[in-house]
Number of protein chains: 2
Amino acid sequence: MKKEINPDTSSLKLTTARKAILEILHHSKHPLSYEDIKNSLLMDKATFYRNIAKFEEEGLIDSFESSDKKRYFELRKSPHAHFICKVCQKIECMNLPCTFEMEAYTIENVIIKGKCPHCR
Amino acid sequence: MKKEINPDTSSLKLTTARKAILEILHHSKHPLSYEDIKNSLLMDKATFYRNIAKFEEEGLIDSFESSDKKRYFELRKSPHAHFICKVCQKIECMNLPCTFEMEAYTIENVIIKGKCPHCR
DNA sequence: GACTTAATTGCGACTGAGTTGCACAAAATT
DNA sequence: AATTTTGTGCAACTCAGTCGCAATTAAGTC
């Protein structure tokens with residue numbers, strides 16, 4: 001029996017490096033940047049980025065850029081938006097109060113930038 | 001008489017370099033990346049980025065990252081969202097059909113990633 | 001378990017955006 | 001016209017992310 005990450009659509013092998021990345025993301029409450037985790041990563045950064053790319057292709061994770069110019073990664077959960085405060089740089093996951101109804105567009109990711117209640 | 005970009009709040013001088021950046025952004029229909037304009041820029045890239053930073057502080061321009069990992073710049077116009085297609089990488093400016101009502105948050109920028117009608 | 005092979009990894013070299021310190025230039029202020 | 005402030009060019013730097021390649025490993029087959 002093949003040990004695959006996503007048996008239906010994927011042909012990714014479940015390696016130690018991949019397990020480590022998914023573990024880290026799984027145990028975090030918020031999206032993480034490469035800088036956040038590079039010290040806990042035993043693998044080479046090329047391996048990290050190659051796997052991140054694969055995971056994104058497979059739809060396992062999402063990534064986006066914050067206003068601090070860093071890229072953040074998280075496991076793809078139920079669709080939700082991210083709010084990024086331009087002042088304190090904090091990233092919040094939000095349940096969007098309104099659902100977008102944009103015909104013909106598939107929405108995968110929403111990023112809202114502005115100022116959070118604390119920083120206004 | 002002082003020549004300033006925004007006499008009320010700013011102390012930025014309207015220099016040739018700054019005029020050039022604003023000109024280029026003003027004449028473009030869509031947000032531009034550094035790569036898009038570097039060949040038309042006569043100034044040093046340090047000057048470019050320092051001015052971009054000033055402009056952002058002053059609220060004259062906005063910038064955001066696309067899924068092609070490039071940073072895009074545009075003049076701040078009436079608030080509107082950007083849709084970025086993950087497949088063809090095209091960036092569209094959209095009039096959001098629903099207004100967000102997020103109390104205590106100030107929204108300055110909305111980025112929606114997904115697939116456009118062409119790429120679905 | 002040993003064998004095969006395609007996928008995965010580490011390494012080192014590289015790219016290119018963005019930053020920084022510094023000395024010089026251009027405005028603005030006195 | 002001298003002084004202070006602000007802006008610029010240059011060169012050196014940082015660091016995320018990529019690439020080619022040779023060595024390693026997971027998964028399937030016997």
Side-chain angles (χ1 to χ4, degrees), chain A residues 1-25 31-58 60-74 86 89, chain B residues 1-25 31-58 60-74 86 89:
Chain A
M1 160 110 183
K2 277 201 291 184
K3 277 191 289 180
E4 285 178 349
I5 290 174
N6 182 352
D8 291 340
T9 59
S10 152
S11 61
L12 294 188
K13 290 183 199 164
L14 186 54
T15 63
T16 320
R18 287 182 182 151
K19 260 188 259 183
I21 297 174
L22 295 175
E23 277 288 303
I24 291 172
L25 293 180
L32 298 170
S33 68
Y34 172 64
E35 204 187 351
D36 291 335
I37 48 181
K38 65 177 170 191
N39 294 326
S40 15
L41 290 176
L42 299 174
M43 74 202 71
D44 189 75
K45 66 174 175 170
T47 304
F48 173 77
Y49 282 113
R50 280 188 283 231
N51 283 328
I52 287 289
K54 291 262 183 194
F55 288 159
E56 282 201 90
E57 277 170 35
E58 300 291 330
L60 270 168
I61 70 164
D62 282 318
S63 82
F64 60 91
E65 307 272 343
S66 179
S67 43
D68 60 7
K69 301 193 193 75
K70 287 188 219 151
R71 195 165 149 217
Y72 284 82
F73 310 98
E74 71 168 357
K86 283 194 173 181
Q89 304 289 351
Chain B
M1 159 118 187
K2 279 201 290 183
K3 279 189 288 180
E4 288 178 347
I5 288 171
N6 183 353
D8 292 340
T9 60
S10 152
S11 60
L12 294 188
K13 292 181 203 162
L14 186 53
T15 62
T16 319
R18 289 181 182 151
K19 259 188 259 183
I21 297 175
L22 295 175
E23 277 287 302
I24 289 172
L25 293 180
L32 298 170
S33 69
Y34 172 65
E35 205 187 351
D36 291 335
I37 48 181
K38 64 177 171 192
N39 293 326
S40 14
L41 291 176
L42 299 175
M43 73 202 71
D44 189 75
K45 67 176 174 167
T47 303
F48 173 77
Y49 283 113
R50 279 189 282 233
N51 283 327
I52 287 289
K54 292 263 183 195
F55 289 160
E56 282 200 271
E57 278 169 35
E58 299 291 329
L60 269 168
I61 70 164
D62 282 316
S63 82
F64 59 90
E65 308 272 344
S66 179
S67 43
D68 60 6
K69 299 193 193 72
K70 286 188 221 151
R71 194 165 150 218
Y72 285 82
F73 310 98
E74 72 168 356
K86 283 193 172 181
Q89 305 288 352

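Every chain is numbered from 1 and lettered A, B, ... according to where its sequence line falls, protein lines coming before strand lines. What you see is a predicted model, and the numbers here were worked out from it, not measured in a lab.
B/R50 contributes a side-chain N or O that forms a donor-acceptor pair with the base of D/dG9 under 3.5 Å.
A tilted orientation is assigned to the rings of B/Y34 and B/F48, their planes being inclined by 30° to 60°.
For the atom pair CD1 of B/I24 and CG of B/L32, the computed distance is 8.0 Å after rounding to the nearest 0.5 Å. In this structure, OG on A/S40 lies 12.0 Å from CD on A/E23, to the nearest 0.5 angstrom.
Spacing between atom CE of B/M43 and atom C1' of C/dT19 amounts to 17 Å, rounded to whole angstrom units. Distance, B/L14 CG to C/dA28 C1': 15 Å, rounded to whole Å. One atom, CG of B/L42, and another, P of D/dG7, lie 19 Å apart when rounded to the nearest Å. D/dT25 atom P lies 15 Å from atom CG of A/D44, rounded to whole Å. Separating the CZ atom of B/F55 from the P atom of D/dG7 is a distance of 10 Å, rounded to the nearest angstrom. If you take CG of B/L41 and P of D/dC10, they are 14 Å apart, rounded to a whole angstrom. One can place CG of B/N39 at 10 Å from P of C/dA17, the figure rounded to the nearest angstrom. Rounded to whole angstrom, the span from the CG atom of B/D68 across to the P atom of C/dG16 amounts to 15 Å.
Evaluation of the side chain to side chain contact (heavy atoms under 4.5 Å, CB included) rule for A/Q89 yields A/S66, A/S67, A/D68 as partners, not counting sequence neighbours. In this view, A/A46 and A/D44, A/R50 satisfy the side chain to side chain contact (heavy atoms under 4.5 Å, CB included) rule, not counting sequence neighbours. Remark: B/S33 pairs with B/E35, B/D36, B/K70, B/Y72 by the side chain to side chain contact (heavy atoms under 4.5 Å, CB included) rule, at least two apart or across chains. Checked against side chain to side chain contact (heavy atoms under 4.5 Å, CB included), B/A20 has the following partners two or more places apart in sequence or in another chain: B/M43.
For D/dG7, neither phosphate oxygen OP1 nor OP2 lies less than 4.0 angstrom from any side-chain nitrogen or oxygen of B/T15.
Taken over five-pair windows at either terminus, the axes of the helix from C/dG1-D/dC30 to C/dT30-D/dA1 are inclined to one another by 40° (rounded to 10 degrees).
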Check the pair B/K38 / B/K45 against side chain to side chain contact (heavy atoms under 4.5 Å, CB included), numbers first and verdict last. CA-CA 8 Å; B/K38 64 177 171 192; B/K45 67 176 174 167; over 6 Å; no
Using atom names, set out every protein N or O paired with an N or O of nucleotides 15-17 of chain D below 3.5 Å, distance rounded to 0.1 Å.
{"residue": "D/dG17", "atom": "OP2", "partner": "A/Y49", "partner atom": "OH", "Å": "2.3"}
{"residue": "D/dG17", "atom": "N7", "partner": "A/K45", "partner atom": "NZ", "Å": "3.0"}
{"residue": "D/dG17", "atom": "O6", "partner": "A/K45", "partner atom": "NZ", "Å": "2.9"}

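Here C/dA28 is the nucleotide among D/dG9, C/dT9, C/dA28 with the atom lying nearest to any side-chain atom of B/K13.
Classification of B/E56 and B/R71 as a salt-bridged pair holds, one side-chain N sitting under 4.0 Å from a carboxylate O.
Nucleic acid contact for B/A46: base, since at least one base atom lies under 4.0 Å from a heavy atom of the residue.
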